Amino acid sequence: MAWLVVRLAISLSLLYTASAVFEDQVGKFDWREQFVGKVRFALFDTHSQASKKLLVATDKNVFASLNSRTGDLFWRHVDKTGPEGHIDALLMYGQDAVVVVGNGRLLRSWETTVGGLKWEAVLDTGSFQAAALIGVQDFVKYVAVLKKSAISLHDLSSGSQIWVENLPDSDTVQYQTIYSGGNGLVFVLGFVPSSHIVIVEYKIEDGEIMKKKSVEAAWMSSLENSCAVISSGNLLCVDQITQSLYILPLQSAEHTEMRQIHLQTLDLEVASGFQPVLTSTQPNPAQPPLAEFFLQLSPDHHILLQLKDDLIAPLRDFNPSYLAAFATSGEKTVAAVMTPKNETACSINLFSADTGRRHLDTTIIYHMDPNGGKPNRLYVHAFLKKDDSVGYRVMVQTEDLTLTFLQQPGRVVWMREEALADVVTMEMVDLPLTGTQAELEGEFGKKAGKVQHGLLPMVLKRLSSQFILLQAWMAHLWKLFYDARKPRSSVKNEVTIDTLSRDEFNLQKMMVMVTASGKLFGIDSKSGTVLWKQYLEDIQPNSIFKLIVQRTTAHFPHPPQCTLLIKNKDTGLGRLYVFNPIFGKKSHISVPALPRPVLQTLLLPVIDQDYAKVLLLIDDQYKVTAFPSTKNVLQQLQDTASSIFFYLVDSSQGKLSGFRLRMDLSTELIWEVVIPTEVQKIVAVKGKRANEHVHSQGRVMGDRSVLYKYLNPNLLAVITESTDIHQERSFVGIFLIDGVTGRIVHEAVQRKAKGPVHFVHSENWLVYVYWNSKFRRNEFSVLELFEGAELYNSTVFSSLDRPHPPQVLQQSYIFPAPISTLEATLTEKGITSRHLLVGLPSGNILSLPKMFLDPRRPELISEQSREENLIPYAPEMPIRTEWFINYNQTVSRVRGIYTAPSGLESTCLVVVYGLDIYQTRVFPSKQFDVLKDDYDYVLISSVLFGLFFATMISKRLAEVKLLNRAWR
Amino acid sequence: MATKRVLSLILSVLSTITLLWTQFGECNNGRRLGDAVDTDFSGFSVPLEHSFEIDDFPRFRLRGALQFRGGRENGVYLAQNQLSEKDRNTMKDVAAVDGLYRIRVPRVSLQVDRQTERQSEGYITAFVRACSLVESHLSDVITLHTDVSGNVIGISIVTIPGSCRGIEVEDEVDLEVFNTTISVVAPVTAPVPETAPYIERMEQEMEKKGKNPQEQKSFFAKYWYLILGGAVFLMATSSAQTPPGGAREQS
């Protein structure tokens, strides 16, 4: 019987929390965008004319196929992160794509139409240098992989290794390039810096060394960029210091040194400090490369040259030109060159490679985004038109990782914002009110301390605003009527920056995303449309970003204001970038210069006369800079200085210290806690979210008494990991420290535990996940803090006046899956029950009710625990597939989850970012304040009307009857 | 020679008194500074310093000595001296301007075997508002926190009550002696998932189930769904019949 009750209780509790998306709700309020990252290799499938495939390999270790007509993904393979999954080379021949992965660890061949793996070969160890397709008698049969000390040849159709040979003198010679002209020989080129070039000739059949020679080249510093093989085996190198080209036929025996051709004889000169680049093209791996090649002399100067009868002759000089690339279609090879047209546009033209003559009517105009970066890569897709002329499309990659696909005469076919594959931080900002709403609001939105208007102007203003409202409503009705006549498909509401306005329940917000490349995005949360983007130039690659919302949209007519703190990781020097989060425009507010490294930032609830919250920046001399720093703000800061505290964490010394602000904006040290670094090191410190509301002060127990929560807004959770990593002695330390007084409120040690620790700190609880090294499993632990049956001071919380330590309850559970990230849902008023959002490496987002993580879950159920709705303790945490909020829309490499409250208490907006971005809404306590989608309005209104008329009629009948009875 | 003997006698008496006090984990004052510091214990002592200044610039002076007793339970007690007349006045003045009362101890390890390599670079500090210390008549609770290997990592001071209501403390005697509760807190070991009791409980349930075969179940337990279904059915049919009855009543 008891067992039955337990089961009933569990199933009832599950019934209460179970929530999943119905099939017809898919995509209704969620969307997903998939990204690939910064493109390192891109190849167009030129196998057939109708092919739409574009293969890309990126720095995020992603190998994908894009539809070149729409920019959508055909398929995508996400490999391991880090050097293990690094894609070293991408080669394509026919339907096969050969990829070298993990510094020459694996050689894989993919079928490009469906993205299936054809074969995989494990290579010998050794750092990867180069890979090339090798053809024999006009037919590509092999792929050669050059390692630091060995070369191996593999069959292209099966992946089996044909032969592997050690390279001679590999400890002194740096081998860097392979070349084969389809004549049964493979050349391996290496060099000894500032000494000579080594050329080793292998026979394709058995790997026998046919010839080995070394050629003097004292000027040589690198083979890879400055050398290229052109026209039937001529090695061509360029050197900046001697300002000359060097040429050497690879096969001839009599040449023992390279022929020098001074660039002056060609009337050319390399720009000072620029490493010249040679670009050649080999359209078919089974045939020697073309005799034409590009020489880049400065960042915006290319020249097309030709080797003919041992002489180098310029075909065409492109000055200025940003980018140049070769492309082949059938027998024709063309060169596309991007030249600047004016300030905002570039033109791309096609030239025939063998003559340098311009093809007519091949101009593509590329408009540069004024808020974007410069173009830095050009990929050309050439194809033969019906009349046998060459047509082409280009893909331009810019510094800010935008891929733009263009066709003639400059139409943008598609665009991908690959910077979004690396989102660092984000915020959600409410959309502004519409003009009419704002007009009404404007009546009340006055600057503080302004003189009140008279009665009559107020009435007039109200009347006029009501009239405008009426006008807007009429316009809206008219639009509805007008749209109703149009076919449904064309009505589709396009979201543009001008039509943005807040909806009734504030469900649509602006997502401000900061990416690692320094590009900012404003994305509409409802549709995922990028509404604005802004590329910040000169961002160091190791910068840390912190995004702060200083003024929300609530203060009309002041525009909302966001501040981005960009900090260099090494020097700590920072700068501020202030912008309007709705339109993405840079604000003209003067920003304080930050000459010293910034240690900490603090957003105060203090507002200036323009309703912007004050941001305090603390530098390494513990001096405070206020932004904005108007007189008003400084006055307010002086008044409240004694109650402004902040903390600093120095994890290298294990030191946590607290400071108090002084009147003159200097600070004083008031507390110090030192956690010795020999034993453990601080890995994370987290406070609570400032916009979090807690609705209930306590929990009602089974016996109707109240257990009050310990709601300290200044509490910090400090997580440490032991320096001793032995599985028996390693531990994770959990410290709860008051950020104002430095008092250690609770200190716990999770023994035999290891990181990485993920944790959420909210309300009166802390949930953390760790790896149990003894049992080899992930475990969840929850800590809850209670003041007890009585509150010390129920009106106000002060860290300075809370002498009694809280009661701490803790319980742990087994979690049967690894975890990538952890976050908690957040709602407007905090009435809705909380859920934890767990990002799993599988790409699913699990919405786990906090109810399961309750340290008061009893071992044995009693009457009281049942009254409280506590689930009996079970050591294992369940994972139910219906709890996955993103059903089959998995998010690769989840890095973070952002939650924001909406205007509806039941609804929490969730954005998951990683390689992909996924946005949805969750309803932790179901939609208790919303009518269902399939709510039967017709039935309820007909019932209502029916009842109304029934009462009317029966009333009438009753009156008649009464009258009749009275007459009787 | 005689004076020395007398002094040692006093010291031994004092040490017994302090030993008695340790049982309550509390200690008191009333002694001069010199007495406590060189008292011989098996453990060791570290100075507890405090600072309260009008200009709020910390100048730490000796408040007392923390005596740690080696051994398993980290016994600690505090020997501290009285506040002088001058100190009392300063304290009151600091309280009047809402200044801070700070304490600090050097970073030490409480493990006796580590005493040889005792690293004393740096201090750990804490503070309390001077007014709350004055208003609580110098009753404070000092807690020392240690990490797993016994290093002191943090100190905290609170007064009971902790509020500042602006009550004037007239009586000079109230500010003479500290009424201090001192304790050392080591980290607690966080619980791990309790699988053993759960499995035990499950086994018990299974056993119970095994003992009671299906036949021995009560009638209601076996057929509750039929009964519930029947009841629902009955209710549904009866409610369908009511409207005519209700209509008759009305007429």
Side-chain angles (χ1 to χ4, degrees), chain A residues 1-4 6 642 654-656 658 660 662 668-676 678-680 722 731-735 737-738 741-744 746-753 772 775 779 781 783 792-793 798 800-805 808 810-814 859-860 873-876, chain B residues 56-58 98 100 102 104 107 109 119 122-129 132 136 140-141 143 145-149 151-164 185-199 201-202 205-206 208-209 212 217-218 221 224 250-251:
Chain A
M1 194 66 197
W3 177 234
L4 195 79
V6 171
S642 66
K655 199 179 240 158
L656 288 129
R660 185 165 81 157
R662 283 210 183 118
E668 56 176 332
L669 180 76
I670 49 171
W671 59 265
E672 238 178 327
V673 166
V674 185
I675 301 170
E678 303 90 69
V679 185
Q680 53 196 333
S722 63
F731 65 87
V732 166
I734 303 101
F735 299 85
I737 298 179
D738 189 301
T741 62
R743 184 181 181 194
I744 300 178
H746 183 67
E747 188 185 351
V749 174
Q750 192 80 51
R751 299 205 182 259
K752 291 171 187 135
N772 186 325
F775 292 109
E779 289 178 5
S781 197
L783 268 160
Y792 178 80
N793 180 351
S798 167
L800 297 168
D801 180 17
R802 202 61 40 156
H804 304 293
V808 182
Q810 190 170 12
Q811 218 168 47
S812 299
Y813 315 89
I814 302 163
E859 284 282 335
L860 292 166
Y873 180 76
E876 186 164 348
Chain B
D56 228 8
F57 189 82
D98 196 13
L100 301 183
R102 303 153 193 263
R104 75 171 186 191
R107 290 174 56 192
S109 172
Q119 74 283 56
Y123 290 87
I124 45 175
T125 52
F127 76 100
V128 73
R129 279 197 288 177
S132 69
S136 65
D140 53 353
V141 180
T143 315
H145 296 268
T146 64
D147 69 356
V148 272
S149 47
N151 298 309
V152 176
I153 57 162
I155 185 168
S156 75
I157 176 168
V158 287
T159 60
I160 295 179
S163 56
C164 272
V185 177
V188 295
T189 303
V192 291
E194 290 163 29
T195 38
Y198 181 75
I199 293 167
R201 210 174 73 217
M202 295 290 270
E205 302 277 357
M206 291 294 279
K208 234 189 245 172
K209 227 181 173 182
N212 298 8
K217 265 191 171 176
S218 76
W224 63 273
Q250 238 181 25
S251 58

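Fair warning: this is a prediction, and the values are worked out from it, not measured in the lab. So you know, we letter chains A, B, ... as the sequences are listed, proteins then strands, and number each from 1.
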task = Look at atom CZ of A:Arg751 and say whether more than 12 heavy atoms of other residues, nucleotides or ligands are closer to it than 6.0 Å.
result = no

query = Hey, is the main chain of A:Glu859 close enough, under 3.5 Å, to the side chain of B:Arg201 for a donor-acceptor pair?
reply = yes

query = In terms of heavy-atom proximity below 4.5 Å to chain B, should A:Gln810 be classed as side chain, backbone, both, or neither?
reply = both

query = Quick one: does B:Thr143's side chain get under 4.5 Å of A:Arg743's, heavy atoms only?
reply = no

task = Count the heavy-atom pairs under 4.5 Å between each of B:Val185, B:Leu100, B:Ile160, B:Ile155 and chain A, then report the option with the highest count.
result = B:Leu100

request  = With a 4.5 Å cut-off on heavy-atom pairs, point out which of A:Pro805, A:Gly658, A:Ser642, A:Pro803 contacts chain B the most.
outcome  = A:Pro803

A:Phe775 and B:Val192, any side-chain heavy atoms less than 4.5 Å apart = no

request  = Please name the pair of heavy atoms, one in A:Val674 and one in B:Arg107, separated by the smallest distance, quoted to 0.1 Å.
outcome  = CG1-CZ, 3.3 Å

ask   = Among B:Thr195, B:Thr125, B:Val141, which has the most heavy-atom pairs under 4.5 Å with chain A?
value = B:Thr125

message = How close do B:Gly162 and A:Asp801 get, counting heavy atoms only, and between which atoms?
response = C-OD1, 3.1 Å

ask   = Looking at B:Cys164, B:Pro58, B:Gly154, B:Ser163, which one has more heavy-atom pairs under 4.5 Å with chain A than the rest?
value = B:Ser163

note = Bottom line for A:Gln750: the part with an atom under 4.5 Å from chain B's heavy atoms is both

inquiry  = Please check this pair: side chain of B:Ser156 against backbone of A:Ile744, looking for a donor-acceptor N/O pair closer than 3.5 Å.
reply    = no

request  = Against chain B, label A:Glu876 side chain, backbone, both or neither, depending on which of its atoms sit under 4.5 Å from a heavy atom there.
outcome  = neither

ask   = Going through the distances and angles, do B:Val188 and A:Val808 end up as a side chain to side chain contact (heavy atoms under 4.5 Å, CB included)?
value = CA-CA 11 Å; B:Val188 295; A:Val808 182; over 6 Å; no

message = Heavy-atom cut-off 4.5 Å, strictly under: side chain, backbone, both or neither for A:Ala874 against chain B?
response = both

remark   = Rounded to the nearest 0.5 Å, the CD atom of A:Glu678 sits from the CG atom of B:Asn151 at a distance of 7.0 Å

task = Taking the side chain as every heavy atom from C-beta outward, state whether B:His145 and A:Val673 have any pair of such atoms under 4.5 Å apart.
result = no

query = B:Val128 versus chain A, heavy atoms under 4.5 Å apart: side chain, backbone, both or neither?
reply = neither

Choice from A:Lys655, A:Glu779, A:Gln680 maximising heavy atom contacts with chain B below 4.5 Å = A:Glu779

query = Heavy atoms, side chains only, cut-off 4.5 Å: are A:Leu800 and B:Phe127 in contact?
reply = yes

Choice from A:Asn793, A:Leu783, A:Thr741 maximising heavy atom contacts with chain B below 4.5 Å = A:Thr741

